[in-house]
Amino acid sequence: MIAVLKTGVEAAQQENLISWLEGMGLKVHISEGEFHTVLGLIGDTSRVDMDLLEGLEIVESVRRISEPYKKANRKFFPDDTVVDVSGVKIGKGHFAMIAGPCSVESEEQIILVAQQVKAAGANILRGGAFKPRTSPYDFQGLKADGIELLLKAKAVTGLPIVSEIMNANHLPLFEEVDMIQVGARNMQNFELLKELGKTNKPILLKRGLANTLKELLMSAEYIMAGGNENVILCERGIRTFETYTRNTLDVSAVPSLKEMTHLPVIIDPSHACGHSRMVPSLAYAATACGADGLIIEVHNDPKHAMCDGAQSLTFEQFEKVTKKVEDIRKVMAE
């Protein structure tokens, strides 16, 4: 249930209303918009008399919300959320260009990639330290050493870093990581999501390979219910009957999620298709449909990459993409 307050409500009146609602065992989520304040009521709202609440002098309207996700719901929070990743803002017109290798391989490699993608227009560096792989015999990442190398690249370039977490026990290793990524395979690892909800770090939450948008938002709700509302959603392709590409990019997820939630939405075109030649086209489509950013795999030597080289762009290819993305954003802003 949400209650929209009238404009010009005094602070004392609002506090009295909130205290009354909390006295009924409800949690109250306050959203201060440009024109209205919205109170989101979370809990057993059956005990709330809607007519009585709507009849109060300071209340403009009241309505029940049927969706099970509350904090992530745009009805609770009408304005777009902006997530700050160590100075890089994402959402509400702020666009993130996240780039880097699938996995950190060496100090020389990650620093070189960081320098090159920054020069080409990236404002956040991605790199996998812990790698979830389908085969137990594939490269699993440098783990803690990989995090240390990412931090060295950050020190050299100033780029904030994002890396994927696999286990809540690894959280201490991520203390200096600017944004924590939850991969598609862990989207419904609810115990991990609960622990991330106790942090204040931005969380990049990827959609699962076969999950609905509602399920994605319910996973975001786990994090937000714990107190961490710095969540960024990522569409990275879903599994369909099509086998020509690695996954099928659901471009419609962006406008759909924009209707459903106030959280920023970015797209990963690299994992969506699995082919570097297709990444630029998907990146342009993602930009045109209103995504708040892109996360793209870039490698100094894709042919010899230890992970996902087939979908990684070269430095030259990435630079062309960033320039065209900027052109598309200018056109869309007109």
Side-chain angles (χ1 to χ4, degrees), residues 96-135 137-143 145-147 149-150 152-154 156-157 159-164 179 181 183-185 204 206-207 209 234-238 243-249 266-287 291 293-325:
M97 183 62 80
I98 308 169
C102 175
S103 62
V104 180
E105 299 171 7
S106 68
E107 180 175 341
E108 180 183 13
Q109 172 241 18
I110 192 61
I111 290 178
L112 173 62
V113 174
Q115 291 172 327
Q116 292 293 324
V117 297
K118 180 180 180 179
N123 49 17
I124 297 177
L125 173 67
R126 63 144 295 153
F130 295 86
K131 295 304 302 177
R133 305 300 298 277
T134 302
S135 170
Y137 308 111
D138 288 337
F139 177 60
Q140 305 289 313
L142 298 179
K143 301 179 172 56
D145 291 339
I147 296 290
L149 295 181
L150 279 169
K152 288 184 179 181
K154 175 184 176 181
V156 171
T157 63
L159 288 175
I161 57 176
V162 55
S163 194
E164 182 174 351
M179 179 162 62
Q181 176 181 311
R185 294 173 178 85
L204 178 60
K206 286 196 166 187
R207 182 183 182 184
L209 280 70
C234 181
E235 161 60 37
R236 43 81 69 208
I238 54 176
T243 58
Y244 189 71
T245 53
R246 182 174 181 177
N247 297 285
T248 299
L249 180 61
I266 71 170
I267 275 186
D268 177 350
S270 303
H271 282 89
C273 63
H275 303 292
S276 61
R277 68 182 183 277
M278 296 183 181
V279 169
S281 296
L282 297 184
Y284 305 149
T287 305
L294 298 167
I295 178 167
I296 298 176
E297 291 192 357
V298 181
H299 197 281
N300 55 304
D301 186 8
K303 290 183 179 179
H304 297 97
M306 299 182 74
C307 179
D308 286 346
Q311 64 195 35
S312 299
L313 299 185
T314 63
F315 299 144
E316 294 77 13
Q317 290 171 328
F318 178 66
E319 185 174 16
K320 290 179 181 178
V321 169
T322 57
K323 288 179 178 178
K324 195 158 186 177
V325 163

Atom CG in L282, atom CG in D268: separation rounded to 0.5 Å? 10.0 Å
Can you find a heavy atom in the side chain of F318 that is under 4.5 Å from one in the side chain of T314? no
Here the pair of heavy atoms bringing A184 nearest to K206 is N-CB, 3.8 Å
CG/L159 to CG/L150 distance, rounded to the nearest 0.5 angstrom? 11.0 Å
Side chain to side chain donor-acceptor pair (under 3.5 Å) against S281, all qualifying residues, sequence neighbours excluded: none
Heavy-atom pair with the smallest gap, counting every atom of N247 and R236: ND2-NH1, 3.5 Å
So which heavy atom on A283 is nearest to which on V321, and how close? CB-CG1, 4.2 Å
Heavy-atom check, side chain of M278 versus side chain of T245, under 4.5 Å: yes
Side-chain donor/acceptor pairs under 3.5 Å, residues 294-302, sequence neighbours excluded:
from: E297; atom 1: OE1; to: Q311; atom 2: NE2; distance (Å): 3.1
from: E297; atom 1: OE2; to: H271; atom 2: NE2; distance (Å): 3.4
from: E297; atom 1: OE2; to: Q311; atom 2: NE2; distance (Å): 3.4
from: H299; atom 1: ND1; to: D301; atom 2: N; distance (Å): 2.7
from: H299; atom 1: ND1; to: D301; atom 2: O; distance (Å): 3.2
from: H299; atom 1: NE2; to: E105; atom 2: OE1; distance (Å): 3.4
from: H299; atom 1: NE2; to: E105; atom 2: OE2; distance (Å): 3.0
from: D301; atom 1: OD1; to: H304; atom 2: ND1; distance (Å): 3.3
from: D301; atom 1: OD2; to: H304; atom 2: ND1; distance (Å): 2.8

Sequence-distant partners of K152, salt bridge (Lys or Arg N to Asp or Glu O under 4.0 Å), two or more places apart: E107
Contacts of F130 meeting ring-ring contact (aromatic ring centres under 6.0 Å, His included) (sequence neighbours excluded), chain-then-number -> H170
I'd like to know if the side chain of S163 reaches the main chain of G127, judged simply by a donor and an acceptor atom lying under 3.5 Å from each other, with no hydrogens or angles considered. yes
Between the SG atom in C234 and the CD1 atom in I266, the distance rounded to the nearest 0.5 Å is 4.5 Å
Restricting to side chain to side chain contact (heavy atoms under 4.5 Å, CB included), what partner residues turn up for K324, sequence neighbours left out? Y284, I328
Can you see which heavy atom on S103 is nearest to which on M306, and at what distance? OG-CB, 4.5 Å
Is a donor on one side and an acceptor on the other found under 3.5 Å between the side chain of R126 and the backbone of C102? yes
In terms of heavy-atom contacts, S276 and P280 come closest through O-CD, 3.3 Å
Not counting sequence neighbours, which residues clear salt bridge (Lys or Arg N to Asp or Glu O under 4.0 Å) with E235? List them please. R207
Mind checking what makes side chain to side chain contact (heavy atoms under 4.5 Å, CB included) contact with A153, not counting sequence neighbours? I110, I111, A114, L125
When rounded to the nearest 0.5 angstrom, what is the spacing between CD1 in I161 and CD1 in I147? 6.5 Å
Audit row: S270, D308, side chain to side chain contact (heavy atoms under 4.5 Å, CB included) steps and yes/no: CA-CA 9 Å; S270 303; D308 286 346; over 6 Å; no
pair T287-V325: side-chain heavy atoms closer than 4.5 Å: yes
According to the salt bridge (Lys or Arg N to Asp or Glu O under 4.0 Å) rule, which pairs have a member within residues 275-284, sequence neighbours left out? none
Got a sec, which residues hit salt bridge (Lys or Arg N to Asp or Glu O under 4.0 Å) with K320, two or more places apart in sequence or on another chain? none
Gap between atom CG of L142 and atom OG of S106 - 0.5 Å precision: 8.5 Å
Checking K118 now: which residues fulfil salt bridge (Lys or Arg N to Asp or Glu O under 4.0 Å) with it, not counting sequence neighbours? none
Drop me the distance from L149's CG to K154's NZ, to the nearest 0.5 angstrom. 14.5 Å
Please enumerate all residues that pass side chain to side chain donor-acceptor pair (under 3.5 Å) together with Q116, with sequence neighbours excluded. none
